[in-house]
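One structure is given here, and the rest of the page talks about it.
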Protein chains: 2
Amino acid sequence: MNYSEFKKLVNLSKEEISGQILERNRNSIKVKKEKKVIDNLIRIIDATLAICSKKSFQAMSIRDLSAESGLSRGALYSYFTNKEELLVLIQTQGREIAYQVLTDQIAKGSDPLEKLRLAIKSHIYLSEAMRNWFYFTYIEARNLPKDEQKRAIESELQTEKIFIDIINEGVKEQVFRDDNVVLAAAVIKAMLQDWYLKRWKYRSRKVSVDEYADFVIHVAESILLIK
Amino acid sequence: MNYSEFKKLVNLSKEEISGQILERNRNSIKVKKEKKVIDNLIRIIDATLAICSKKSFQAMSIRDLSAESGLSRGALYSYFTNKEELLVLIQTQGREIAYQVLTDQIAKGSDPLEKLRLAIKSHIYLSEAMRNWFYFTYIEARNLPKDEQKRAIESELQTEKIFIDIINEGVKEQVFRDDNVVLAAAVIKAMLQDWYLKRWKYRSRKVSVDEYADFVIHVAESILLIK
DNA sequence: AAAAAAAGGACGGATGTCCGTTTTTTTCTT
DNA sequence: AAGAAAAAAACGGACATCCGTCCTTTTTTT
């Protein structure tokens with residue numbers, strides 16, 4: 001699997017994503033017609049991610065968002081009850097998508113090594129396809145309210161657990177070394193994150209997403225595979 | 001070298017750091033007595049980093065800073081001309097310290113492998129000793145004014161270049177593999193950053209700084225060393 | 001007593017949010 | 001099918017609050 005195959009494989013329509021958001025937030029969304037809600041959620045989220053790729057969520061005013069999305073301030077407040085809720089809404093959905101896609105893809109692997117490769121590739125490819133979303137989810141997590149911060153942390157650990165489980169499975173089957181599994185998973189995760197946190201760097205160096213994914217797999221195998 | 005040896009070796013007194021800041025910002029600091037300036041700069045920076053480990057710099061008001069530092073709002077403005085300058089001041093100094101310590105330590109190594117180990121250890125140990133500072137420098141870089149953002153990017157590339165140079169030296173001496181040097185340096189850097197970006201994770205798992213540094217060295221050697 | 005430093009009131013501007021009004025869409029009636 | 005009535009959605013002015021910064025006054029130090 002390479003990136004262009006991944007994109008065809010994983011169908012991430014904006015309508016579908018906003019549909020999920022609507023389901024999760026029916027009670028705080030005051031507009032009734034589904035089509036209208038989904039259209040406007042797409043505009044709102046696109047606008048938020050666009051603005052927040054340049055400045056922080058806190059620095060983005062509702063007036064900024066109104067200008068970028070083309071909805072009035074009053075209209076915006078029909079889709080969330082306050083600014084913080086908008087942050088929570090996008091973050092929650094971002095984590096959900098990442099988890100869904102990751103577990104879906106891994107399920108296709110039949111042995112630990114294949115699963116590991118799938119996990120690495122699909123995480124990097126997904127963060128490439130949704131770079132603004134991933135960046136936002138990472139960088140704005142600290143501005144979440146306390147209880148939502150806890151959820152973000154749990155999600156991070158959950159993702160890491162996916163890698164830990166794959167590695168442990170490989171240890172049991174004697175394809176991977178039984179050597180600091182938890183740290184191995186942690187540094188793999190760190191490498192995955194670097195792709196969307198430092199995209200400017202890789203882009204300016206003309207490192208393609210496929211090249212990066214292959215390299216991370218190479219590193220992971222160097223640590224894990226029994227010689 | 002382990003962490004406690006590093007701390008004795010590298011003498012990072014707050015007075016010294018604030019002294020350097022004073023030198024760099026003599027024209028914008030209105031207070032004349034050096035001792036007073038240094039004392040208060042320490043209080044201001046300590047307070048800023050403490051507050052910003054909990055919320056963003058933008059979310060920190062001058063009133064917050066006043067309360068935490070014990071200086072009045074008016075007094076604060078004797079040490080910087082505006083809030084943004086305070087951000088720039090801390091960031092600049094943070095990058096400076098990191099670069100100084102890193103190059104100082106590396107110079108002690110006599111061969112590429114030793115230099116690589118020294119570079120990894122000193123970066124991780126330094127980020128451990130100054131975790132709030134490193135976290136702040138990383139996370140608030142995006143809120144810098146445009147030209148200072150450029151400086152931050154240059155600094156990041158410069159640090160990475162240190163690793164690239166070490167690896168290239170090793171390639172020439174045929175101790176390291178000649179295989180994607182730039183990406184190797186990039187992922188090493190990503191692992192270094194994870195230590196201060198995700199300290200809560202490593203702490204809760206009781207991973208010590210020495211253990212983490214050794215593991216990163218182990219990974220780096222797995223990628224680089226000729227078998 | 002003079003100089004230096006700190007204090008904190010005041011001000012203009014920006015922000016999140018509310019809510020009465022206007023516009024658009026849908027439904028109903030003829 | 002057309003137009004009126006009702007419902008839904010969007011609008012944007014207004015308000016209270018908070019913030020950065022300035023500047024005069026007070027306190028501390030020399």
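Quick note on labels: first sequence line is chain A, next is B, and so on, each numbered from 1.
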Out of curiosity, N2(B) CG to K7(B) NZ, how far, rounded to the nearest 0.5 Å?
->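 That separation rounds to 11.0 Å.
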How long is the gap from CH2 on W133(B) to OG1 on T48(B), to the nearest 0.5 Å?
->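 Reported value, rounded in 0.5 Å steps: 9.5 Å.
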Under 4.0 angstrom between [X] side-chain N/O and [N] OP1 or OP2:
X	N	answer
Y77(A)	dA9(D)	no
K33(B)	dT30(D)	yes
N40(B)	dA6(C)	yes
S72(A)	dA10(D)	no

Does dA4(D) pair with anything, Watson-Crick or G-U wobble, both distances under 3.5 Å, and if so, with which nucleotide?
->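 Across any shown strand, dA4(D) pairs with dT27(C).
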Touch check for F80(A), heavy atoms < 4.0 angstrom, all strands: base, sugar-phosphate only, or nothing?
->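 Nothing, no nucleic acid heavy atom in range.
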Give one of base, sugar-phosphate or nothing for D64(A), where a contact means two heavy atoms less than 4.0 Å apart.
->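 Answer is nothing: D64(A) stays at 4.0 Å or more from every strand.
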Minimum-distance nucleotide to R63(B) side chain [options: dT21(D), dA5(C), dT15(C)] =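 It is dT21(D).
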dT21(D), dA4(C), dA8(D): which one has an atom nearest the side-chain heavy atoms of K32(B)?
->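 For the K32(B) side chain, the nearest candidate turns out to be dA4(C).
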When the nearest nucleotide of DNA chain D is assigned to K36(B) and to S61(B) on a heavy-atom basis, which residue is associated with the more 5' position?
->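 Comparing both residues, the 5'-ward one is S61(B).
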Toward the 5' end of DNA chain D, by each residue's nearest nucleotide, R73(A) or S78(A) |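 Looking at DNA chain D, the more 5' nearest nucleotide goes with S78(A).
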Looking at [X] and [Y], would you say the former's side chain and the latter's main chain have a donor-acceptor pair under 3.5 Å?
X	Y	answer
Q149(A)	L144(A)	yes
D210(B)	Y3(B)	yes
S155(B)	R151(B)	no

Between [X] ([atom1]) and [N] ([atom2]), how many Å, whole number?
X	N	atom1	atom2	answer
L65(A)	dT17(C)	CG	P	12 Å
K35(A)	dT25(C)	NZ	P	12 Å
Y79(B)	dA7(C)	OH	C1'	13 Å

